[in-house]
Amino acid sequence: MFQPQYAGQLILDEVAVRLRPLLARSDFVKFCDQRNLRISAELMQRFEELRLFAPIIRITRPPGDPRILYLDGHPTAADFAAGWVVDCSAPDAEYPVPPIDDHLTMPFYSEFQVWALEQVLRETTMTFTLDEVAGSSDVVDWSDRFRGLRSRALEHAERLRSNIELTAVPILCQLISNRYLPHALSNQRTYQVGGVSLFGGWMAFNSGSWDWHDYCDKWDPTERVACFALDEQSLERAHWRMVSAMYRCDPLWRWRNLIQFVNQRKRDELRGDALRAELYRQCAEMLRFLYRDLYRTDLGPPEDVLHGMPCRIPEPAVLDDPRERLQFVANQYDLNPQPTAVLFVEGQSEVVFTQAIFDGLFGLHHGVSGVEVVNLHGVGNATGGKRFDRYNAIFRLVDYLLEHQTLVFLVLDNEGRATRLKQDAATKPSVFGNRQRAIAPDRIHLWDQTFELDNFEDEELARAMTIVAGERVQFAAEEIQEVRSHWPGASLSECFERRADQALTKPELARVLAELIIQSPTRSDGTERPIVEFLRRVRREASRNPLPVTQDIWRQNQEFLDAEGTTESAS
């Protein structure tokens with residue numbers, strides 16, 4: 001790899017600043033400070049004088065001439081030839097460095113030069129602690145020590161000046177930023193395009209009509225090969241150096257497989273070393289995409305390049321699908337909001353009842369246990385209303401949920417074709433091929449009569465209906481017994497409407513019945529009510545169904561989900 005002689009001019013001619021404008025010195029100092037890289041304008045001036053670290057370009061205005069460098073994609077050779085714009089990027093560039101207080105000149109830097117500046121600071125900064133000489137009776141020959149330091153500094157400076165990558169790699173990143181930065185800033189699923197515009201000051205350009213997609217269509221990555229004499233080894237080495245720099249400073253390295261899915265707006269809110277590591281990640285990603293376009297090989301995400309990764313989760317097999325990869329990563333951090341169990345109930349009454357039991361009896365919201373309660377709005381929606389349906393709708397739905405590691409339970413009244421649905425579950429095959437059945441029959445619970453009649457005594461139902469009626473009508477246990485003995489020809493709703501002269505609000509009845517259980521959680525014979533026992537099972541199995549973090553664990557879990565009476569998954 002080598003650096004083009006007129007790289008600064010090349011950047012300006014291509015307006016390769018639409019997504020990452022060059023920064024004036026004061027802005028660059030602030031940019032570095034935000035990334036925990038301590039630098040001053042004075043030190044940068046000294047580095048430039050020593051040719052250790054230089055800006056990309058420098059603009060110098062004649063006295064009394066407020067001219068602005070306008071960039072519109074046309075050649076800027078005349079501006080450089082006139083001498084008021086200087087290309088400082090070449091390693092052998094020879095130009096006088098103006099005094100730091102000269103307000104008629106301004107150096108401009110690329111954000112990606114932070115990487116090079118960090119290398120220079122590391123090579124030119126030495127620490128000295130007093131404990132080296134404290135307590136010693138020997139007289140320290142400071143002159144000799146400083147001669148040694150000076151000799152070492154000269155060696156380091158020469159090595160830095162001869163390291164072509166320190167200048168070439170940041171300039172390459174700046175040149176390809178218009179093309180690849182949107183990919184580097186993506187959350188692995190979406191990316192935003194559209195350049196920024198800059199008016200006034202020292203330079204100006206307008207990106208209002210710039211079409212990134214059109215720019216991509218015309219992009220020729222081989223031009224960069226010619227400019228920088230790139231080959232596979234040099235480009236891969238540049239990518240590796242950025243990843244290594246990211247690894248060295250990133251306090252969030254072990255969380256990077258999750259952070260890559262966070263939108264860039266939130267990533268920009270990182271601070272210090274983490275924000276600097278984010279900049280290096282962007283550089284690595286841009287070089288990765290350039291490498292892929294040139295050589296049809298993916299170097300892989302920065303997080304996977306170094307062998308220091310604690311484990312490959314998720315596996316390389318899912319890298320092509322960012323949605324699936326995000327699922328496994330979110331599962332690893334226990335951040336996936338996907339329910340671990342779905343409880344399908346017949347109507348809103350059961351929804352109200354279930355929520356009340358979880359809150360009042362179990363002491364937590366059902367969502368804490370990973371349970372989602374879904375209202376089917378009637379048995380007909382579960383069993384199918386047409387002859388040709390054959391329950392396919394509900395079977396395909398629960399089959400899909402189980403394929404995605406979510407347990408499914410159904411609680412239905414014994415009416416319509418609910419009994420047939422439970423029977424057919426024993427032989428209904430899964431369409432995905434990972435399990436034999438769409439759902440195990442024991443996860444479909446049918447009441448002998450109805451939810452209310454199976455779980456509450458006649459006296460309890462009479463008292464609850466009296467409360468719902470506002471105490472205006474006193475229901476007796478004998479009336480409930482009459483309904484029970486004539487079911488399904490009779491119902492609680494008909495009894496209530498006949499006596500109270502108003503429709504029964506079943507969700508309100510469910511709320512009152514839940515309160516009865518919460519206040520007295522056992523039945524009169526000392527055993528737990530069937531609905532509470534079933535909900536405890538749902539809660540228990542949901543809590544023992546952590547979502548998988550690898551495909552292998554997912555396959556093992558499918559075997560558990562295919563069995564009746566599942567109590568624990570492989571995760």
Side-chain angles (χ1 to χ4, degrees), residues 1-4 6-22 56-57 69-77 89 110-112 168-199 203-232 234-236 238-239 242 260-261 263-265 267-268 279 281-302 319-323 325:
M1 174 186 285
F2 70 82
Q3 181 181 325
Y6 304 105
Q9 181 178 334
L10 184 60
I11 290 173
L12 299 185
D13 287 350
E14 293 197 15
V15 198
V17 292
R18 297 189 186 277
L19 299 179
R20 281 294 184 268
L22 298 180
I56 301 295
I57 64 168
L69 178 61
Y70 289 98
L71 306 178
D72 56 7
H74 290 86
T76 57
S89 61
S110 166
E111 293 181 4
F112 307 117
V169 173
I171 288 177
L172 175 61
C173 289
Q174 185 69 47
L175 276 169
I176 65 177
S177 61
N178 280 358
R179 172 61 183 88
Y180 297 118
L181 191 59
H183 295 287
L185 300 180
S186 78
N187 62 1
Q188 308 301 317
R189 290 148 290 157
T190 60
Y191 56 85
Q192 294 183 348
V193 300
V196 299
S197 297
L198 187 65
F199 302 100
M203 68 174 66
F205 56 89
N206 186 358
S207 299
S209 59
W210 183 61
D211 189 330
W212 181 76
H213 295 284
D214 181 65
Y215 182 85
C216 293
D217 291 339
K218 298 175 181 177
W219 174 261
D220 183 3
T222 60
E223 293 180 0
R224 303 295 162 254
V225 174
C227 289
F228 290 83
L230 290 173
D231 55 29
E232 291 186 53
S234 61
L235 186 53
E236 185 175 3
H239 174 263
M242 284 297 177
Q260 65 181 314
F261 294 101
N263 69 60
Q264 189 60 45
R265 177 177 55 82
R267 276 184 272 167
D268 287 340
L279 177 67
R281 186 199 62 81
Q282 294 170 15
C283 293
E285 283 288 72
M286 289 193 294
L287 295 172
R288 170 194 175 193
F289 282 108
L290 175 62
Y291 189 96
R292 188 181 66 179
D293 282 353
L294 286 172
Y295 308 116
R296 305 303 175 189
T297 301
D298 192 350
L299 295 173
L319 292 181
D320 291 335
D321 186 346
R323 184 198 59 82
R325 190 163 84 249

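Classification of Glu14 and Arg224 as a salt-bridged pair holds, one side-chain N sitting under 4.0 Å from a carboxylate O. Ion pairing of Arg325 with Asp321 is absent here, as no side-chain N (NZ or NE/NH1/NH2) approaches a carboxylate O to less than 4.0 Å.
Atoms CZ and CZ, from Arg18 and Phe205 in turn, are 7.5 Å apart once rounded to the nearest 0.5 Å. Of the inter-residue distances, the one linking Leu71 atom CG with Asn206 atom CG reads 11.5 Å to the nearest 0.5 angstrom. Within the model, atoms CH2 of Trp219 and CG of Asp293 stand 9.0 Å from one another, a figure rounded to the nearest 0.5 Å. In this structure, Leu69 CG and Ile57 CD1 are separated by 6.0 Å, a value rounded to the nearest 0.5 Å. Note: Leu12 CG to Tyr70 OH = 15.0 Å, rounded to the nearest 0.5 Å. For the atom pair CG of Asn178 and CG of Leu19, the computed distance is 5.0 Å after rounding to the nearest 0.5 Å.
Judged by distance alone, the side chain of Ser207 and the main-chain N or O of Val196 form a donor-acceptor pair under 3.5 Å. Here the side chain of Arg179 pairs no donor or acceptor atom with the backbone of Asp220 at under 3.5 angstrom. Side-chain atoms of Gln174 come within 3.5 Å of backbone atoms of Ala16 as a donor-acceptor pair (strictly under, hydrogens ignored). Put simply, the side chain of Arg189 gets close to the backbone of Phe261: a donor and an acceptor are under 3.5 Å apart.
Within the 4.5 Å cutoff, side-chain heavy atoms of Met286 are placed close to those of Ser177. The side-chain heavy atoms of Ser89 and Gln9, taken from C-beta on, include no pair separated by under 4.5 Å. Val17 is not listed as a side-chain neighbour of Leu198, based on a closest heavy-atom distance of 4.5 Å or more. The closest side-chain heavy-atom distance from Leu287 to Ile176 is below 4.5 Å. Looking only at side-chain heavy atoms (C-beta outward), Met1 and Leu230 come within less than 4.5 Å of each other. Counting only heavy atoms from C-beta outward, the side chains of Gln260 and Glu285 never approach each other to under 4.5 Å. In this structure, Leu172 and Leu290 have side chains that are in contact, with non-hydrogen atoms separated by less than 4.5 Å. No side-chain heavy atom of Trp210 sits under 4.5 Å from any side-chain heavy atom of Ser197.
Shortest non-hydrogen contact noted between Arg20 and Leu181 is CG-CD2, 3.4 Å. Nearest heavy atom pair, residue Pro182 against residue Val193, reads CB-CG1, 4.1 Å. Here the shortest heavy-atom pairing between Leu10 and Leu175 reads CD2-CD1, 3.7 Å. When every heavy atom of Phe2 is checked against every heavy atom of Ala229, the shortest pair comes out as CE2-CB, 3.1 Å. The nearest pair of heavy atoms linking Leu235 to Tyr295 is CD2-CE1, 4.1 Å. Taking each heavy atom of Arg267 and Ala184 in turn, the nearest pair found is NH1-O, 4.1 Å.
Ring geometry for His183 versus Tyr191: interplanar angle of 30 to 60°, hence tilted.
Heavy atoms from other residues, nucleotides or ligands lying under 6.0 Å from CD of Glu232 number more than 12. In the displayed structure, Tyr6 atom OH is contacted under 6.0 Å by at most 12 heavy atoms of other residues, nucleotides or ligands.
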May I have the step-by-step check of side-chain contact (heavy atoms from CB on, under 4.5 Å) for Gln264 and Asn187, ending in yes or no? CA-CA 7 Å; Gln264 189 60 45; Asn187 62 1; over 6 Å; no
Go through the steps to decide whether Asp72 and Val15 satisfy the test side-chain contact (heavy atoms from CB on, under 4.5 Å), and finish with yes or no. CA-CA 7 Å; Asp72 56 7; Val15 198; over 6 Å; no
Evaluate the side-chain contact (heavy atoms from CB on, under 4.5 Å) criterion for residues Ile171 and Phe228: first the C-alpha distance (whole Å), next the side-chain angles of each, then the deciding distance (0.1 Å), finally the verdict. CA-CA 10 Å; Ile171 288 177; Phe228 290 83; 4.0 Å; yes
Run Gln192 and Leu185 through side-chain contact (heavy atoms from CB on, under 4.5 Å) and show every step you take. CA-CA 8 Å; Gln192 294 183 348; Leu185 300 180; over 6 Å; no
